[in-house]
Protein chains: 2
Amino acid sequence: MTNPMTKPIQKRALATRDKLLTAAKYLISKESFEALRVEDVVRAAGVAKGTFFAHFKDKDALMEQIIGARMADLIAETADAQTPKDIREMVERLLPLIHFMTSERYVFDVIIRHSGAAAISDIGPIATQFDEQIALFARWAREAPYRPDIAPELVGEGISAFFIQAIALNFCALNSRQALESRLESYLDAWLCPK
Amino acid sequence: MTNPMTKPIQKRALATRDKLLTAAKYLISKESFEALRVEDVVRAAGVAKGTFFAHFKDKDALMEQIIGARMADLIAETADAQTPKDIREMVERLLPLIHFMTSERYVFDVIIRHSGAAAISDIGPIATQFDEQIALFARWAREAPYRPDIAPELVGEGISAFFIQAIALNFCALNSRQALESRLESYLDAWLCPK
DNA sequence: CTATGAAAATGACCGTGGTCAATTTAGTCT
DNA sequence: AGACTAAATTGACCACGGTCATTTTCATAG
């Protein structure tokens with residue numbers, strides 16, 4: 001063995017895991033997150049059902065990987081863009097992320113369920129992305145600067161809280177996308193620019 | 001028929017519904033919300049499985065009724081008490097509600113999932129309780145008064161958002177109850193008393 | 001009282017997530 | 001190469017939420 005400290009994982013296993021992820025992503029793109037069935041995934045991947053659960057604790061864990069990865073992309077893009085110069089622009093920056101998080105009720109539920117890490121030893125990709133998100137918001141707050149009276153980290157947590165709240169209320173049928181944006185804008189205005 | 005506008009619901013049906021609710025509450029008190037099984041409920045209630053689903057759209061709908069009712073009690077108690085005179089006292093008032101909402105991960109998930117009404121025509125008990133909660137917070141804000149620069153309703157929505165955020169982060173293993181309270185306190189301080 | 005139609009209740013059945021003892025395969029030692 | 005061990009895979013099986021055609025019960029009319 002080249003490295004005695006490495007726990008032995010055969011490349012066959014990595015390939016299988018990859019087949020499962022690829023099959024799942026394909027099926028999701030064809031249908032939706034909500035409609036994904038484990039049996040369909042294993043059939044498309046050409047493996048037995050038990051194999052799925054040898055690679056993912058449960059269906060939710062697969063979802064967390066895929067949704068977390070997509071959030072990571074969106075947040076990275078958002079972070080690459082210039083720091084928003086006002087609140088309207090800040091909301092604009094968040095639109096891609098909002099679009100994904102509201103694309104399906106199911107997606108939002110999975111995200112919320114994993115937003116607080118389940119256990120310290122087991123911080124999943126979605127919880128990680130929330131940390132990233134808060135850090136990004138904190139950076140925005142530091143550069144503007146909004147709310148110099150409190151720590152940028154705290155400002156970031158507040159933005160995150162209002163971000164979630166705005167999206168959650170959006171799933172009420174009478175609230176449209178437009179309502180979401182303007183609501184988020186007034187939340188952030190009240191949070192970031194108290195008179 | 002005494003009242004031609006009343007859709008006929010036999011009292012037998014109301015009794016059955018009551019048996020189901022009573023059985024469910026009993027089983028929950030013996031075990032937990034998470035451990036509740038529909039089959040156990042119908043066995044305890046002495047009815048067939050199909051009957052359950054004639055009375056509740058799905059298991060979630062039953063949970064919403066029971067959890068919503070308990071929230072209503074807690075919020076009513078909270079509303080009866082005097083308006084908190086500072087933020088520390090405000091957090092103190094919220095402790096019973098926090099205690100229930102953090103009693104089980106499953107309970108919090110159900111609450112979040114129903115906090116934004118699913119459809120305007122179908123506002124469930126939990127969504128109703130959130131409205132009540134926000135209205136109560138708005139009353140507190142109006143009486144103090146906190147944040148005279150913005151509408152009390154908006155202040156209430158903010159308190160609600162931070163309330164949720166504090167609880168969600170609490171499910172991270174390294175954050176204890178004490179951490180929850182002090183975190184909520186600093187959130188509310190930053191929200192209600194900007195310098 | 002009996003007939004009738006609608007409300008309520010029934011339970012066999014199904015879909016889907018998840019388990020696990022048994023089997024196959026990959027890497028290693030002699 | 002053959003033997004040996006542990007990782008990886010398999011698929012029959014189970015648990016549990018949810019469905020629906022059929023049956024039972026109730027209320028009312030004649």
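Proteins come first, then strands; the chains are lettered A, B, ... in the order of their sequence lines, and each starts at number 1.
One atom, CD of A:E34, and another, P of C:dG17, lie 12 Å apart when rounded to the nearest Å. Regarding A:L14, its CG atom lies at a distance of 14 Å from the P atom of C:dA26, rounded to whole Å. Atom-to-atom, CD of B:Q10 to P of D:dC26 comes out at 8 Å; the value is rounded to the nearest Å. The CZ atom of A:F53 sits 16 Å away from the P atom of D:dA15 (whole-angstrom rounding).
Nearest heavy atoms, A:A13 versus A:H55: O-CE1, 3.2 Å. Here the shortest heavy-atom pairing between B:A190 and A:I150 reads CB-CD1, 3.8 Å. Scanning both residues, B:A141 and B:V155, for their nearest heavy atoms gives CB-CG1, 3.5 Å. Residues B:D60 and B:Y106 come closest through the heavy atom pair OD1-OH, 4.4 Å.
Checked against A:Q82 for a side-chain contact (heavy atoms from CB on, under 4.5 Å), the options A:E89, A:R93, A:E143 give a single hit: A:R93.
The residue B:A13 sits close only to the backbone: its heavy atoms come under 4.0 Å of sugar-phosphate atoms, none of a base.
Within the structure, every side-chain polar atom (N or O) of B:T51 is placed at least 4.0 Å from both OP1 and OP2 of C:dA8. Between C:dT16 and A:K49, no contact under 4.0 Å exists linking OP1 or OP2 to a side-chain N or O. The side chain of A:H55 places an N or O atom within less than 4.0 Å of a non-bridging phosphate oxygen (OP1 or OP2) of D:dT9.
Residues of residues 56-65 of chain A that place a heavy atom closer than 4.0 Å to DNA chain C, in numerical order, are A:D58, A:K59. A heavy atom lying under 4.0 Å from DNA chain D marks the following residues of residues 36-48 of chain A, by number: A:V47, A:A48.
The closest side-chain heavy-atom distance from B:L184 to B:I98 is below 4.5 Å.
Electrostatic pairing of B:R105 and B:D109 counts as a salt bridge here, judged by a charged N lying under 4.0 Å from a carboxylate O.
Heavy-atom nearest nucleotides on DNA chain C were determined for B:A54 and for A:F52, and the one closer to the 5' end corresponds to B:A54.
Sorted by first and then second residue, the side chain to side chain donor-acceptor pair (under 3.5 Å) pairs with a member in residues 34-49 of chain A read A:E39-A:K49, A:D40-A:R43; sequence neighbours excluded.
Side chain of B:R12, nearest nucleotide from D:dT25, C:dA26, D:dG18: D:dT25.
Remark: aromatic rings of A:W191 and B:F162 are close, center separation under 6.0 Å.
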